[in-house]
Amino acid sequence: MGFTDNRFDVNLSILFTELPLLERPAAAAAAGFTAVELWWPWVDAPVPAQSELDALRDALNDAGTQLVGLNFYAGQLPGPDRGALSVPGEESDKFRANIDVAAEFARTMGCTALNALYGNRVEGVDPQVQDTLALENLVLAARAADRIGATLLIEALNQPESPLCPIVSAPKAIEIVDKVNAATGLGNAKFLMDLYHLAMNGEDLNEVIDAYTEKTGHVQIADNPGRGAPGTGELDFADLLGRLKKAGYDGWIGLEYKPGDRPSHESFGWLRGA
(Lines give C-alpha, C1' and ligand atoms only; values in the text may rest on other atoms or scores of the structure.)
Protein backbone atom coordinates (compact mmCIF):
# COMPACT_ATOMS: atom_id res chain seq x y z
CA MET A 1 0.00 0.00 0.00
CA GLY A 2 1.23 3.47 -0.78
CA PHE A 3 0.72 6.66 1.20
CA THR A 4 2.70 9.24 -0.73
CA ASP A 5 -0.26 11.62 -0.87
CA ASN A 6 -0.37 12.05 2.92
CA ARG A 7 1.63 14.20 5.33
CA PHE A 8 2.76 12.12 8.31
CA ASP A 9 4.30 13.32 11.56
CA VAL A 10 5.73 11.22 14.38
CA ASN A 11 4.45 11.43 17.94
CA LEU A 12 7.66 11.49 19.98
CA SER A 13 5.83 10.55 23.17
CA ILE A 14 5.02 7.04 21.92
CA LEU A 15 7.63 6.46 19.20
CA PHE A 16 11.39 6.72 19.78
CA THR A 17 10.77 6.53 23.54
CA GLU A 18 13.72 4.13 23.77
CA LEU A 19 15.77 7.33 23.49
CA PRO A 20 16.01 10.33 25.82
CA LEU A 21 13.57 13.08 24.91
CA LEU A 22 16.18 15.42 23.48
CA GLU A 23 17.52 12.73 21.13
CA ARG A 24 14.16 11.85 19.62
CA PRO A 25 13.81 14.73 17.13
CA ALA A 26 17.10 13.80 15.47
CA ALA A 27 16.06 10.15 15.37
CA ALA A 28 12.77 11.08 13.70
CA ALA A 29 14.65 13.19 11.16
CA ALA A 30 17.04 10.32 10.47
CA ALA A 31 14.01 8.12 9.78
CA GLY A 32 12.87 10.60 7.14
CA PHE A 33 10.33 12.71 9.02
CA THR A 34 10.26 16.50 8.96
CA ALA A 35 7.40 16.96 11.47
CA VAL A 36 6.69 15.72 14.98
CA GLU A 37 4.14 16.10 17.76
CA LEU A 38 4.33 15.65 21.52
CA TRP A 39 2.28 14.99 24.59
CA TRP A 40 3.28 17.47 27.30
CA PRO A 41 6.76 16.08 28.02
CA TRP A 42 7.01 17.05 31.70
CA VAL A 43 4.30 15.02 33.44
CA ASP A 44 5.18 16.45 36.87
CA ALA A 45 5.82 20.01 35.74
CA PRO A 46 3.13 22.06 34.04
CA VAL A 47 5.60 24.94 34.29
CA PRO A 48 9.09 23.49 33.73
CA ALA A 49 12.30 25.44 34.05
CA GLN A 50 12.98 27.73 31.10
CA SER A 51 16.21 25.83 30.50
CA GLU A 52 14.23 22.65 29.86
CA LEU A 53 11.92 24.41 27.41
CA ASP A 54 14.93 25.93 25.65
CA ALA A 55 16.70 22.57 25.43
CA LEU A 56 13.69 20.93 23.79
CA ARG A 57 13.29 23.85 21.40
CA ASP A 58 16.94 23.60 20.43
CA ALA A 59 16.68 19.84 19.89
CA LEU A 60 13.68 20.27 17.58
CA ASN A 61 15.32 23.10 15.66
CA ASP A 62 18.71 21.41 15.39
CA ALA A 63 17.04 18.32 13.93
CA GLY A 64 15.10 20.40 11.43
CA THR A 65 11.81 18.99 12.68
CA GLN A 66 8.64 21.09 12.70
CA LEU A 67 6.45 20.77 15.80
CA VAL A 68 2.92 20.40 14.44
CA GLY A 69 1.05 19.30 17.56
CA LEU A 70 1.44 19.72 21.32
CA ASN A 71 -0.67 18.61 24.27
CA PHE A 72 -1.41 20.88 27.15
CA TYR A 73 -0.51 19.45 30.57
CA ALA A 74 -2.57 16.27 31.05
CA GLY A 75 -1.27 14.68 34.24
CA GLN A 76 0.46 11.29 34.18
CA LEU A 77 0.38 10.41 30.51
CA PRO A 78 1.06 7.62 29.80
CA GLY A 79 -0.33 6.44 33.08
CA PRO A 80 -3.60 6.58 34.98
CA ASP A 81 -4.61 10.11 33.99
CA ARG A 82 -6.57 11.09 30.89
CA GLY A 83 -6.23 14.83 31.22
CA ALA A 84 -6.45 17.44 33.95
CA LEU A 85 -8.82 20.20 32.90
CA SER A 86 -11.99 18.62 34.32
CA VAL A 87 -10.41 17.52 37.62
CA PRO A 88 -11.17 20.02 40.42
CA GLY A 89 -8.41 21.25 42.67
CA GLU A 90 -4.71 20.81 42.06
CA GLU A 91 -4.97 19.25 38.60
CA SER A 92 -7.20 22.01 37.23
CA ASP A 93 -4.83 24.56 38.74
CA LYS A 94 -1.89 22.86 37.03
CA PHE A 95 -3.73 22.91 33.71
CA ARG A 96 -4.43 26.62 34.04
CA ALA A 97 -0.82 27.33 34.99
CA ASN A 98 0.29 25.42 31.90
CA ILE A 99 -1.95 27.15 29.36
CA ASP A 100 0.21 30.17 28.63
CA VAL A 101 3.45 28.16 28.96
CA ALA A 102 2.34 25.59 26.38
CA ALA A 103 0.91 28.25 24.08
CA GLU A 104 4.09 30.31 24.20
CA PHE A 105 6.25 27.26 23.48
CA ALA A 106 3.98 26.39 20.57
CA ARG A 107 4.21 29.97 19.27
CA THR A 108 8.00 29.91 19.25
CA MET A 109 7.92 26.63 17.31
CA GLY A 110 5.28 27.68 14.79
CA CYS A 111 2.99 24.97 16.14
CA THR A 112 -0.68 25.66 15.48
CA ALA A 113 -2.44 22.67 17.08
CA LEU A 114 -2.86 22.37 20.86
CA ASN A 115 -4.60 19.31 22.31
CA ALA A 116 -6.55 19.61 25.58
CA LEU A 117 -7.35 16.21 27.10
CA TYR A 118 -10.55 16.32 29.13
CA GLY A 119 -9.79 14.12 32.13
CA ASN A 120 -11.43 11.33 34.13
CA ARG A 121 -14.55 11.38 36.21
CA VAL A 122 -13.70 11.75 39.90
CA GLU A 123 -15.46 9.64 42.49
CA GLY A 124 -17.63 11.75 44.76
CA VAL A 125 -17.67 14.78 42.44
CA ASP A 126 -20.85 15.74 40.58
CA PRO A 127 -20.22 15.23 36.84
CA GLN A 128 -21.95 18.55 36.15
CA VAL A 129 -19.44 20.30 38.40
CA GLN A 130 -16.63 18.70 36.40
CA ASP A 131 -18.22 19.61 33.08
CA THR A 132 -18.70 23.24 34.13
CA LEU A 133 -15.06 23.43 35.20
CA ALA A 134 -13.98 21.75 31.98
CA LEU A 135 -15.80 24.28 29.83
CA GLU A 136 -14.24 27.16 31.78
CA ASN A 137 -10.77 25.71 31.25
CA LEU A 138 -11.38 24.91 27.60
CA VAL A 139 -12.51 28.47 27.00
CA LEU A 140 -9.26 29.74 28.56
CA ALA A 141 -7.27 27.33 26.40
CA ALA A 142 -9.16 28.28 23.24
CA ARG A 143 -8.47 31.96 23.85
CA ALA A 144 -4.78 31.28 24.45
CA ALA A 145 -4.63 29.21 21.26
CA ASP A 146 -6.37 31.98 19.34
CA ARG A 147 -3.79 34.52 20.50
CA ILE A 148 -1.08 32.53 18.72
CA GLY A 149 -3.19 31.63 15.69
CA ALA A 150 -3.65 28.04 16.79
CA THR A 151 -6.44 25.48 16.89
CA LEU A 152 -7.67 23.92 20.15
CA LEU A 153 -8.13 20.18 19.71
CA ILE A 154 -10.69 18.05 21.54
CA GLU A 155 -9.94 14.32 21.41
CA ALA A 156 -12.19 11.32 21.90
CA LEU A 157 -10.47 8.47 23.75
CA ASN A 158 -11.73 4.89 23.91
CA GLN A 159 -13.98 3.45 26.57
CA PRO A 160 -12.22 0.07 27.08
CA GLU A 161 -8.89 1.70 27.95
CA SER A 162 -10.30 4.89 29.50
CA PRO A 163 -13.47 3.83 31.33
CA LEU A 164 -13.53 6.92 33.55
CA CYS A 165 -13.21 9.43 30.71
CA PRO A 166 -16.55 10.84 29.52
CA ILE A 167 -15.26 11.78 26.05
CA VAL A 168 -15.25 8.34 24.43
CA SER A 169 -17.06 8.83 21.14
CA ALA A 170 -16.82 11.09 18.14
CA PRO A 171 -20.29 12.62 18.71
CA LYS A 172 -19.40 13.48 22.33
CA ALA A 173 -16.15 15.14 21.29
CA ILE A 174 -18.02 17.13 18.64
CA GLU A 175 -20.53 18.20 21.29
CA ILE A 176 -17.68 19.64 23.38
CA VAL A 177 -16.15 21.30 20.31
CA ASP A 178 -19.47 23.02 19.58
CA LYS A 179 -19.89 24.13 23.22
CA VAL A 180 -16.42 25.69 23.31
CA ASN A 181 -16.96 27.51 20.03
CA ALA A 182 -20.34 28.77 21.20
CA ALA A 183 -18.82 30.03 24.45
CA THR A 184 -15.88 31.82 22.84
CA GLY A 185 -17.25 32.86 19.47
CA LEU A 186 -13.79 32.15 18.07
CA GLY A 187 -14.50 28.99 16.11
CA ASN A 188 -11.00 27.63 16.73
CA ALA A 189 -11.98 24.45 18.61
CA LYS A 190 -11.71 21.37 16.39
CA PHE A 191 -12.02 17.60 16.65
CA LEU A 192 -8.91 15.45 17.01
CA MET A 193 -9.89 12.34 15.05
CA ASP A 194 -7.86 9.44 16.46
CA LEU A 195 -8.85 6.46 14.33
CA TYR A 196 -7.44 3.94 16.82
CA HIS A 197 -9.56 5.20 19.71
CA LEU A 198 -12.67 5.38 17.54
CA ALA A 199 -12.10 1.85 16.24
CA MET A 200 -11.66 0.59 19.81
CA ASN A 201 -15.06 2.13 20.58
CA GLY A 202 -16.59 0.16 17.74
CA GLU A 203 -17.55 3.30 15.83
CA ASP A 204 -18.03 3.16 12.07
CA LEU A 205 -14.92 4.98 10.85
CA ASN A 206 -16.36 5.70 7.43
CA GLU A 207 -19.38 7.36 9.01
CA VAL A 208 -17.18 9.37 11.37
CA ILE A 209 -15.03 10.60 8.49
CA ASP A 210 -18.03 11.53 6.39
CA ALA A 211 -19.81 13.30 9.24
CA TYR A 212 -17.00 15.11 11.02
CA THR A 213 -14.05 15.79 8.72
CA GLU A 214 -15.23 19.38 8.30
CA LYS A 215 -14.80 19.91 12.06
CA THR A 216 -11.52 17.98 12.29
CA GLY A 217 -8.28 19.81 13.07
CA HIS A 218 -5.90 16.85 13.32
CA VAL A 219 -5.83 13.09 12.70
CA GLN A 220 -3.90 10.39 14.53
CA ILE A 221 -3.57 6.74 13.60
CA ALA A 222 -2.61 3.35 15.00
CA ASP A 223 -3.88 -0.05 13.96
CA ASN A 224 -6.52 -1.97 15.89
CA PRO A 225 -6.32 -4.26 17.73
CA GLY A 226 -2.98 -3.69 19.44
CA ARG A 227 -2.20 -0.02 18.76
CA GLY A 228 0.63 -1.06 16.49
CA ALA A 229 1.80 0.22 13.12
CA PRO A 230 -0.57 0.09 10.15
CA GLY A 231 -0.64 -3.47 8.83
CA THR A 232 -0.39 -5.08 12.27
CA GLY A 233 -4.15 -5.03 12.82
CA GLU A 234 -7.38 -4.98 10.86
CA LEU A 235 -7.82 -1.37 9.74
CA ASP A 236 -7.56 -0.52 6.04
CA PHE A 237 -5.58 2.70 6.18
CA ALA A 238 -5.23 3.09 2.45
CA ASP A 239 -9.02 3.24 2.24
CA LEU A 240 -9.51 5.31 5.40
CA LEU A 241 -6.93 7.95 4.54
CA GLY A 242 -8.17 8.10 0.98
CA ARG A 243 -11.66 8.70 2.32
CA LEU A 244 -10.34 11.46 4.57
CA LYS A 245 -8.67 13.16 1.62
CA LYS A 246 -11.84 12.95 -0.45
CA ALA A 247 -13.74 14.48 2.47
CA GLY A 248 -11.39 17.47 2.35
CA TYR A 249 -8.79 16.71 5.03
CA ASP A 250 -5.30 17.74 3.94
CA GLY A 251 -3.64 18.24 7.34
CA TRP A 252 -1.01 16.27 9.21
CA ILE A 253 -1.59 12.66 10.21
CA GLY A 254 0.10 11.82 13.48
CA LEU A 255 1.68 8.40 13.89
CA GLU A 256 0.72 7.54 17.44
CA TYR A 257 1.37 3.83 17.54
CA LYS A 258 3.56 1.46 19.54
CA PRO A 259 6.56 0.15 17.60
CA GLY A 260 6.39 -3.28 19.21
CA ASP A 261 9.43 -5.33 20.14
CA ARG A 262 11.80 -3.45 17.85
CA PRO A 263 13.47 -0.07 17.65
CA SER A 264 11.09 2.64 16.47
CA HIS A 265 13.02 3.30 13.27
CA GLU A 266 12.22 -0.25 12.13
CA SER A 267 8.45 0.30 12.38
CA PHE A 268 7.98 2.39 9.24
CA GLY A 269 8.17 -0.31 6.57
CA TRP A 270 4.42 0.03 5.93
CA LEU A 271 5.00 3.63 4.91
CA ARG A 272 7.35 2.60 2.15
CA GLY A 273 4.95 -0.04 0.92
CA ALA A 274 7.00 -2.85 2.42
Report task. Mind running side-chain hydrogen bond (donor to acceptor under 3.5 Å, both in side chains) on Ser264 and Glu18 for me, showing each step along the way? Result -> CA-CA 8 Å; Ser264 294; Glu18 64 269 27; 3.0 Å; yes
Requested in this report: Assess whether salt bridge (Lys or Arg N to Asp or Glu O under 4.0 Å) is satisfied between Asp223 and Lys258, documenting all intermediate values.
Outcome: CA-CA 9 Å; Asp223 216 333; Lys258 299 175 182 178; over 6 Å; no
**Report entry** Verdict with reasoning, Met193 to Ile209, per side chain to side chain contact (heavy atoms under 4.5 Å, CB included)
**Finding:** CA-CA 9 Å; Met193 185 188 293; Ile209 290 169; 3.9 Å; yes
Query raised in the report: When you look at Asn71 and Asn115, which way does the side-chain hydrogen bond (donor to acceptor under 3.5 Å, both in side chains) test go after all the steps?
Result: CA-CA 4 Å; Asn71 283 18; Asn115 185 22; 3.2 Å; yes
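Grouping Ile, Leu, Val, Met, Phe, Trp and Tyr by side-chain contacts under 4.5 Å, direct or through others, leaves Leu186 on its own. Counting side-chain heavy-atom gaps under 4.5 Å among Ile, Leu, Val, Met, Phe, Trp and Tyr, the cluster of Trp252 also holds Val68. Chaining together hydrophobic side chains whose heavy atoms lie under 4.5 Å apart places Leu153 alongside Leu192.
The list of salt bridge (charged side-chain N to carboxylate O under 4.0 Å, His left out) pairs with a residue in residues 205-222, not counting sequence neighbours, reads Asp178-Lys215, Asp210-Arg243.
The side-chain heavy atoms of Leu12 and Phe33, taken from C-beta on, include no pair separated by under 4.5 Å.
The side-chain hydrogen bond (donor to acceptor under 3.5 Å, both in side chains) search around Arg7 returns none, not counting sequence neighbours.
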When the side chains of residues 134-141 are checked against the rest of the protein, which donor-acceptor pairs come out under 3.5 Å, sequence neighbours left out?
unit_1, atom_1, unit_2, atom_2, d
Glu136, OE1, Arg96, NH2, 3.3
Asn137, OD1, Arg96, NE, 2.4
Asn137, OD1, Arg96, NH2, 3.1
Asn137, ND2, Leu85, O, 2.8
Asn137, ND2, Ser92, OG, 3.0

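Remark: the Asn6 side chain and the Tyr249 side chain contain no N/O donor-acceptor pair separated by less than 3.5 Å.
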